[in-house]
Amino acid sequence: MKIATWNVNSIKARLDNALAWLRQANPDIVCLQELKCEGHAFPAQAFEELGYNVLVHGQKTYNGVAILSKFTPEDVTRGLAGEEDDTQARYLEAVFARKSGVVRVASIYLPNGNPLGTEKFDYKLRWMDRLRAHAKALLKLEEPLVLAGDYNVIPTPLDARHPENWVNDALFQPQSRARFRTLLNLGLTDAIRQVHGDTPGLYTFWDYQAGAWQRNNGIRIDHLLLSPQAADLLTSAQIEREVRTQEKPSDHVPVVIELKA
DNA sequence: ATGACATATGAGATATGA
């Protein structure tokens with residue numbers, strides 16, 4: 001079973017790119033982020049024609065997350081607990097029943113947090129605290145769990161081509177990195193690092209500006225974190241770099257894992 | 001220090017992204 005995450009940077013602007021990649025890669029479950037549209041405006045039919053069930057937690061202009069799946073979704077949760085007046089569409093979770101058992105999957109668009117010293121950075125840190133609390137509760141279920149998405153965190157210097165360029169950025173702050181680390185220390189596994197160890201040069205985002213792609217000036221900020229029960233099933237994890245060579249690409253590329261059965 | 005580049009909104013310029 002293939003599970004993917006991809007920040008598409010507007011699903012309407014990326015519809016052709018997304019359909020082309022889905023036809024080629026044929027993942028079973030796909031977590032999408034930065035839809036930049038409301039649920040009623042999501043082009044669901046195009047994905048349904050490829051055999052996907054479509055779950056959307058949308059928002060006008062900003063944010064928005066979705067899960068496409070070849071399995072029927074159950075137990076759907078929109079939004080992350082812990083802050084009643086948070087209206088930003090950044091979290092969507094569902095359970096999928098397969099013949100070999102269930103898998104719980106969340107599509108996550110963690111706040112960017114820039115610029116530093118503003119409410120935006122405080123919101124990012126609070127959101128990460130809420131995610132940790134929710135992940136801790138989910139881990140008690142002791143089931144295969146995949147928390148997939150754009151975490152907007154560069155976990156270590158190994159995850160940036162030029163880490164020195166990010167020291168004043170919310171994505172690489174010690175507070176952001178520490179909170180990401182607390183997710184791992186709950187017992188979650190970073191799928192790419194589990195498979196590839198300390199291999200350098202594994203990036204999922206390249207800025208549109210200043211020839212970042214051509215210079216391979218990238219960062220790794222899109223992650224799939226696995227519960228122990230999911231990590232036991234992990235057989236591969238890949239970054240789909242070639243998607244960045246599409247015409248009118250997203251600035252992020254998909255990351256795909258394969259789980260046994 | 002700023003902008004580069006891309007997207008949405010809405011019809012020009014601004015907000016957001018990372």
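We use all heavy atoms of the structure for the numbers below, so side chains are in, but hydrogens, waters and symmetry mates are not. Here is the naming used below: chain letters follow the sequence lines, and residue numbers restart at 1 for every chain.
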Does the side chain of A:S250 come under 3.5 Å of the side chain of A:N9 through a donor N or O and an acceptor N or O? no
Is a side-chain donor-acceptor pair under 3.5 Å present for A:N63 with A:R90? yes
Nearest atoms (heavy-atom pairs only) where A:M128 meets A:S176: CE-O, 3.6 Å
Examine A:K36 relative to A:Y62 and say whether NZ or CZ is less than 6.0 Å from the centre of the six-membered ring and inside a 45° cone about the ring axis. no
Check this for me, if you would: do A:D75 and A:R104 make a salt bridge, where the nitrogen-to-carboxylate-oxygen distance has to be below 4.0 angstrom? yes
OP1 or OP2 of B:dG17 under 4.0 Å from side-chain N/O of A:N7: no
For residues 148-160 of chain A, please give each side-chain donor-acceptor pair under 3.5 Å, one per line with the distance, not counting sequence neighbours.
| from | atom 1 | to | atom 2 | distance (Å) |
| --- | --- | --- | --- | --- |
| A:D150 | OD1 | A:N152 | N | 3.0 |
| A:D150 | OD2 | A:N7 | ND2 | 2.9 |
| A:Y151 | OH | A:L147 | O | 2.8 |
| A:N152 | ND2 | A:L110 | O | 2.8 |
| A:T156 | OG1 | A:L158 | N | 3.1 |
| A:T156 | OG1 | A:D159 | OD2 | 3.1 |
| A:D159 | OD1 | A:R193 | NH2 | 2.7 |
| A:D159 | OD1 | A:R220 | NE | 2.8 |
| A:D159 | OD1 | A:R220 | NH2 | 3.3 |
| A:D159 | OD2 | A:T156 | N | 3.0 |

Which residue lies toward the 5' end of DNA chain B, A:R90 or A:A210, if each is placed at its nearest nucleotide? A:A210
Could you pull out the protein-nucleic contacts involving nucleotides 6-13 of chain B (nitrogen or oxygen on both sides, under 3.5 Å)?
| from | atom 1 | to | atom 2 | distance (Å) |
| --- | --- | --- | --- | --- |
| B:dT7 | OP1 | A:R14 | NH1 | 2.9 |
| B:dT7 | OP1 | A:R14 | NH2 | 3.1 |
| B:dT7 | OP2 | A:K248 | NZ | 3.2 |
| B:dT7 | O3' | A:S10 | OG | 3.3 |
| B:dA8 | OP1 | A:S10 | OG | 2.4 |

Could you tell me how far apart A:D222 (CG) and B:dA18 (C1') are, to the nearest whole angstrom? 11 Å
With rounding to whole Å, what would you report as the distance between B:dT9 and B:dA4 at their P atoms? 22 Å
So A:N152, base contact, sugar-phosphate only, or nothing? Heavy-atom distance under 4.0 Å. sugar-phosphate
Within this structure, what is the CD-to-P distance between A:Q88 and B:dA15, rounded to whole angstrom? 16 Å
Roughly how far apart, to the nearest Å, are B:dG10 and B:dA15 at atom C1'? 13 Å
Under 4.0 Å: is that the gap between some side-chain N or O of A:Y109 and OP1 or OP2 of B:dA18? yes
Between B:dA6 and B:dA18, how far apart are the P atoms? Round to whole Å, please. 15 Å
Can you check the A:H223 NE2 to B:dA18 P distance for me, whole Å? 12 Å
Nearest-Å distance, OH (A:Y151) to P (B:dA18)? 15 Å
Rounded to the nearest Å, what distance is computed from the CD1 atom of residue A:I219 to the C1' atom of nucleotide B:dG17? 11 Å
Counting the atoms with a prime plus P, OP1 and OP2 as sugar-phosphate, which does A:K120 contact under 4.0 Å by heavy atoms, base, sugar-phosphate, or nothing? sugar-phosphate
Pairwise C1' distance for B:dG3 and B:dT14, with rounding to whole Å: 16 Å
Separation of A:R220 atom CZ from B:dA18 atom C1', in whole Å? 16 Å
If the cut-off is 4.0 Å, is A:N112 near the phosphate of B:dA18, judged by side-chain N/O to OP1 or OP2? yes
Which class fits the ring pair A:H223 and A:F180: parallel under 30°, tilted 30 to 60°, perpendicular over 60°? tilted
Comparing A:Q209 and A:G113 on DNA chain B - which has the more 5′ nearest nucleotide: A:Q209
Using whole Å, report how far CG of A:N217 lies from C1' of B:dA4. 13 Å
Check the distance between B:dG17's C1' and A:W206's CH2 and give it to me in whole angstrom. 17 Å
A:K60 bridged to A:E38 by N-O distance under 4.0 Å: no
Is the phosphate of B:dG17 approached by A:H252 (side-chain N or O, under 4.0 Å from OP1 or OP2)? no
Which part of the nucleic acid, if any, lies within contact of A:D150, taking any heavy atom under 4.0 Å across all strands shown: a base, the sugar-phosphate backbone alone, or nothing? sugar-phosphate
